[in-house]
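In what follows, every chain begins at residue 1, and chains take the letters A, B, ... in the order their sequences are listed.
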Amino acid sequence: MTATVHKTPRAEERTGPAGLPNPAPRPEGEIEALKHVWRAPKGLNFITVVNNTYVGLFYVGTAFLFFILAGILALIMRTQLAVPQADIVSQGTYNQLFTMHGTMMMFLFAVPAVEAMGVYLLPNMQAARDLPFPRLSAYAFWAYFFGGLAFFCSLLFQVAPDTGWFMYPPLTGTKYSPGINADFWLLGIGFIEISAIAGAIEIIVGVLKTRAPGMSLDKLPVYAWAMLVFAALIVFAFPAVILCTLLLEIERAFGWPFFIAEKGGSAMLWQHLFWFFGHPEVYIIFLPAAGMVSMMVPTIAQTPLVGYRLVVLAIVATGFFSFGVWVHHMFATGIPQLSLSFFSAASMAVSVPSGIQVFAWIATIANGRLQLTTPALFILGFLFIFTLGGLTGVMVGMVPFDWQVHDTYFVVAHFHYVLIGGMVFPLFAAFYYWTPLASRKPLSEKLGRWVFGLMFVGMNVTFFPMHLTGLIGMPRRVYTYPAGLGWDWLNMTSTIGAFMIAAGVALFLFDLVRRFRITEDNAGNIWNAGTLEWLPSGDYANRSIPRVTSREPLWDQPHLAADVEAGRYYLPNAPTGGRETIVTSPITAEPQYVVQMPGPSWATVLGAFFTAAFFILLTVKLVIPAIVCAVIAVGMVIWWLWDTDPGPAQATVDIGGGIRLPTYVTGPMSHSWWAMVVLLMVAGTLYACLLFSYLFLWTVSPDVWPKPDALPELPWPLLPAVLYAASSLAVVLASRSLRRVPAGGAGAAGVWPMRIALAAAIPLVVAAVATDLAAQSGTGLQPTESAYGAVVYMFVSLQGFYAVVLVLMGVFTLARSLAGKLDGVRRGTFDNTMLLWHFAVVQGLVGLAVTALFPRLVGG
Amino acid sequence: MRGARPGFLTKMLFLNAGLVLWAAHFGFVYGLTGVVCARGLGTAWPAAVPFVVAFATVVAAGLSLVVLFAAVLGRGPGIAGEPDPALRVFWRSVTGGVAVFGFVAIVWSGLPAVLIRPCA
Ligand code: HEM
């Protein structure tokens with residue numbers, strides 16, 4: 001590995017400094033062993049690679065592909081709108097075009113692109129060898145890749161969604177959208193969201209648990225902070241959209257009337273759930289982009305970021321406030337005045353933290369010496385465009401003005417300024433800035449200026465006139481317009497601008513094809529940046545894992561790069577013989593243990609393929625093949641999980657500096673426990689959204705709520721409750737027995753009691769759900785008869801889903817025990833099953849309490 | 001995770017306390033007004049709403065000030081007893097900053113709810 005590192009002496013020029021964890025030169029063969037362990041598979045097997053540097057690049061590349069595809073759709077629309085009364089596309093096709101453009105830009109480009117950059121950059125910035133669950137990120141990527149492509153292809157068959165990217169019912173209900181277009185959106189997007197959540201879990205655990213020793217939270221790169229908050233926003237916002245897509249799909253498939261007013265449903269429910277996600281979505285896209293800018297600005301100004309703590313504060317505050325904005329959609333029926341003033345308050349609140357970040361960047365630039373490189377140009381462009389977008393945002397934030405321009409091109413102009421300014425320009429800056437990390441040659445600075453110029457001018461030529469087009473009355477989402485309304489030249493200008501942007505992007509692609517080459521030796525730290533991703537690296541990431549003492553270690557520890565590369569820091573080898581990295585404590589980043597990580601496997605790629613196939617086949621109503629795919633997908637996931645949870649390879653390993661770490665840990669310290677807890681937060685949020693839906697539907701249609709005498713008789717709900725509690729108790733007993741099983745003690749006391757208790761828990765939880773179902777259907781309640789029936793059966797169905805998962809996990813855990821892969825020490829799998837079990841039981845009990853007690857309470 | 005010393009969750013919660021309070025206040029005020037107005041629970045309820053909201057606002061704002069003072073005085077989980085001075089300063093300033101944000105946001109979003117007739 002021969003990366004050029006500026007201003008640092010070459011490794012071989014330095015001789016063993018005292019005080020570093022490991023002596024150099026390192027033993028012969030050590031680096032070869034490290035390379036061997038981390039190498040990417042060759043040939044066709046290459047696609048099973050899991051190293052974040054490869055998966056990250058695939059991920060970024062795919063997101064960019066969708067940007068181009070959605071961009072082409074935009075060009076078709078702009079061509080159609082260039083002159084009045086054009087007939088390049090029909091009205092129906094235009095509807096599909098704008099829906100697909102909006103949906104793809106938001107769900108297939110913006111969110112995945114920022115997540116992909118995280119997968120690529122975070123481990124490098126934190127000097128971890130990889131993210132903690134490499135197979136999970138590979139799975140998330142492939143699921144997105146297959147699912148996204150299939151979703152796009154719906155356009156080719158003219159069955160693409162056509163009802164606008166926010167899919168409001170009743171327009172999207174079966175009555176007005178009988179075809180499968182809407183189903184494509186619901187299943188396709190619901191599924192891609194799941195992949196986004198997988199990525200978010202990976203990012204949260206990665207940021208909190210796998211950092212360079214010494215990188216306490218006050219030294220965490222701003223980007224990692226931004227990604228942490230970003231991932232938290234996904235955890236709390238995406239369940240809402242998953243739930244609403246699920247409800248609408250169930251309504252369409254089975255006729256459960258969640259959104260049908262005649263049966264007590266409410267289209268407003270969709271709006272609440274959708275916007276609970278939709279507003280944070282803007283910040284979900286913006287925060288990581290701002291985080292990247294906070295990394296680039298110090299480098300281009302060659303001085304540390306001004307106001308680090310304020311910027312962190314701003315990021316955290318943005319995360320919170322972004323949810324507040326959603327409320328303006330709430331209770332619009334009941335309290336318009338109040339809700340509007342709340343909305344204004346929250347919108348203003350959210351602009352304060354954004355302002356803080358902008359000032360921090362400007363102050364940093366003022367503090368240093370700005371080098372006008374291509375990334376710098378894109379950042380300046382971002383500041384300009386984003387500020388303008390913010391200004392028009394304040395304008396549409398003012399209620400009377402909003403009435404004037406609502407659903408006109410003014411709004412289209414506004415949100416493109418915000419989205420392109422706030423996300424596309426920072427992303428292009430990032431492409432230019434971080435290419436030297438991935439490629440042997442950086443991108444051309446000369447062409448870069450042209451790319452920037454075309455995109456910047458093109459952007460303003462396209463979207464600035466749209467403000468005027470909107471002000472003089474042109475509505476959005478129209479496929480053509482009559483001549484002579486004064487819209488003609490404005491539209492023509494916008495179209496010319498759109499092609500300028502396209503020319504800029506094409507030039508960028510040309511440069512990329514010409515110069516971007518992934519090789520073992522990258523261009524290195526050409527910008528003289530201060531953060532760890534610029535350490536010399538290979539497939540194994542850094543030769544050794546540094547201890548950091550500041551936020552810009554490469555500036556403050558001048559020999560760091562050389563010492564890291566010489567293997568003088570921690571873990572310069574692969575002591576367990578497999579892939580591993582150091583897990584650190586979440587706040588102070590002190591080393592806790594060495595985690596053994598799984599390598600490449602076909603299970604992830606195939607699992608993702610069949611998961612995507614399941615969803616797509618379901619959309620086109622091929623139920624039997626869909627089920628077959630689902631079974632195969634589950635099989636693949638089981639295969640993948642079977643070789644994780646390896647148990648201790650050896651008691652402890654020496655990572656240098658006198659630190660010996662265990663190679664396997666379970667319980668609250670372990671990364672898998674953390675991941676499970678984050679997953680439970682997702683599940684809990686989903687459930688909270690369902691509870692909200694129940695209460696909301698009640699406020700809208702109390703008349704469909706039953707009288708107490710129509711509910712299951714009181715002892716009935718108690719039976720499932722007792723069964724739930726008993727199943728949890730059995731799991732507790734199993735856990736106790738497992739504790740008594742010594743490592744490798746297949747025949748020890750406690751093994752059979754554990755197996756019996758766990759085996760007993762399985763039928764108990766199934767029986768709990770079954771009796772709950774029997775109690776509800778015993779009253780004659782049908783899910784199709786009213787919103788009440790629908791939401792009650794939704795509670796039961798969700799529990800049914802959990803029961804299936806628990807059965808699978810229970811059987812899997814038992815199988816591991818029978819295979820001798822489970823004991824009192826090696827119990828990570830059991831712990832995960834246990835956590836989910838208790839969670840599902842508590843949730844089941846809450847559901848029972850709500851469905852049994854609430855109608856009695858209010859129906860008295 | 002280290003015995004009796006505050007764990008990660010406690011420290012994080014304290015760091016974010018100002019805005020967690022804001023979120024709780026926001027959710028409560030909104031939920032309450034929404035239910036009262038949407039269900040048309042007579043006239044007594046809507047009349048009482050501004051008082052309840054005012055009370056909730058004072059409580060939430062007061063609590064956020066408590067957090068702020070704790071941070072200023074170097075108290076609270078993640079600050080008191082933190083041996084690394086840089087980390088302590090960081091935790092203190094971010095906790096304090098979040099509390100200031102929380103306080104302003106609570107008052108800011110509580111005011112309209114007090115001043116405007118809820119179900120108008
Ligand atoms: C790069 C150049 C782009 C051009 C030329 C462009 C053009 C357009 C056009 C012509 C429309 C349809 C307007 C209408 O008929 O109402 C539209 C809608 C939209 N665009 Fe773009 N766009 C671009 C980039 C983006 C980006 C980067 C994003 C998001 C990250 C985005 C998100 C959207 C959304 C959400 C809609 C609304 C779709 C709907 O009405 O359901 N666009 N855009």
Side-chain angles (χ1 to χ4, degrees), chain A residues 208 214 216-220 225 232 268 308-310 312-314 316-317 319-321 323-324 326-327 330-346 348-350 352-353 356 549-551 585-589 592 667-669 674 677 692 695-696 698-700 702 858, chain B residues 1-2 6-9 11-12 15-16 18-23 26-27 29-31 33-40 46 49-50 53 78 82-98 100-102 104-105 107-120:
Chain A
L208 289 175
S216 45
L217 286 185
D218 58 315
K219 301 187 190 72
L220 190 65
W225 271 110
M268 286 299 291
Y308 171 85
R309 280 174 269 164
L310 271 176
V312 172
L313 176 64
V316 172
F320 275 91
F321 288 150
F323 282 100
W326 144 78
V327 177
M330 261 189 86
F331 306 110
T333 43
I335 39 169
Q337 268 211 31
L338 186 55
S339 66
L340 287 176
S341 42
F342 255 63
F343 165 51
S344 290
M348 285 181 207
V350 95
V352 174
I356 292 182
T549 53
S550 74
R551 261 175 240 139
S585 60
I587 294 179
T588 51
Q592 290 180 321
M669 194 198 268
W674 280 67
V677 169
F692 166 82
L695 292 175
F696 180 79
W698 167 74
T699 59
V700 179
V858 298
Chain B
M1 262 148 262
R2 270 172 287 161
F8 172 76
L9 259 185
K11 290 182 180 173
M12 271 294 172
L15 185 83
N16 290 300
L19 287 166
V20 170
L21 283 165
W22 167 78
F26 204 102
V29 170
Y30 238 87
T33 354
V35 170
V36 167
C37 299
R39 289 304 316 276
V49 165
V53 170
E82 174 52 56
D84 174 359
L87 185 56
R88 191 169 56 236
V89 170
F90 174 79
W91 218 262
R92 228 173 118 170
S93 15
V94 177
T95 308
V98 170
V100 171
F101 259 116
V104 176
V107 174
W108 186 244
S109 56
L111 272 183
V114 176
L115 297 180
I116 295 173
R117 272 196 304 136
C119 306

Taken in chain and number order and not counting sequence neighbours, the residues that satisfy side chain to side chain donor-acceptor pair (under 3.5 Å) with S93(B) are R309(A)
Under 4.5 Å to a heavy atom of chain B? For L208(A) that would be side chain
Under 4.5 Å to a heavy atom of chain B? For L220(A) that would be neither
Bottom line for V89(B): the part with an atom under 4.5 Å from chain A's heavy atoms is both
Does the side chain of L217(A) come within less than 4.5 Å of W91(B)'s, by heavy atoms?
yes
- Message: Does any part of the side chain of L19(B), heavy atoms only, come nearer than 4.5 Å to the side chain of F321(A), both counted from C-beta?
- Response: yes
Residues at least two apart in sequence or cross-chain that pass side chain to side chain contact (heavy atoms under 4.5 Å, CB included) with L21(B), listed by chain then number, are L63(B), S64(B), I106(B)
Residue from L15(B), V98(B), V104(B) scoring the most non-hydrogen pairs under 4.5 Å with chain A is V98(B)
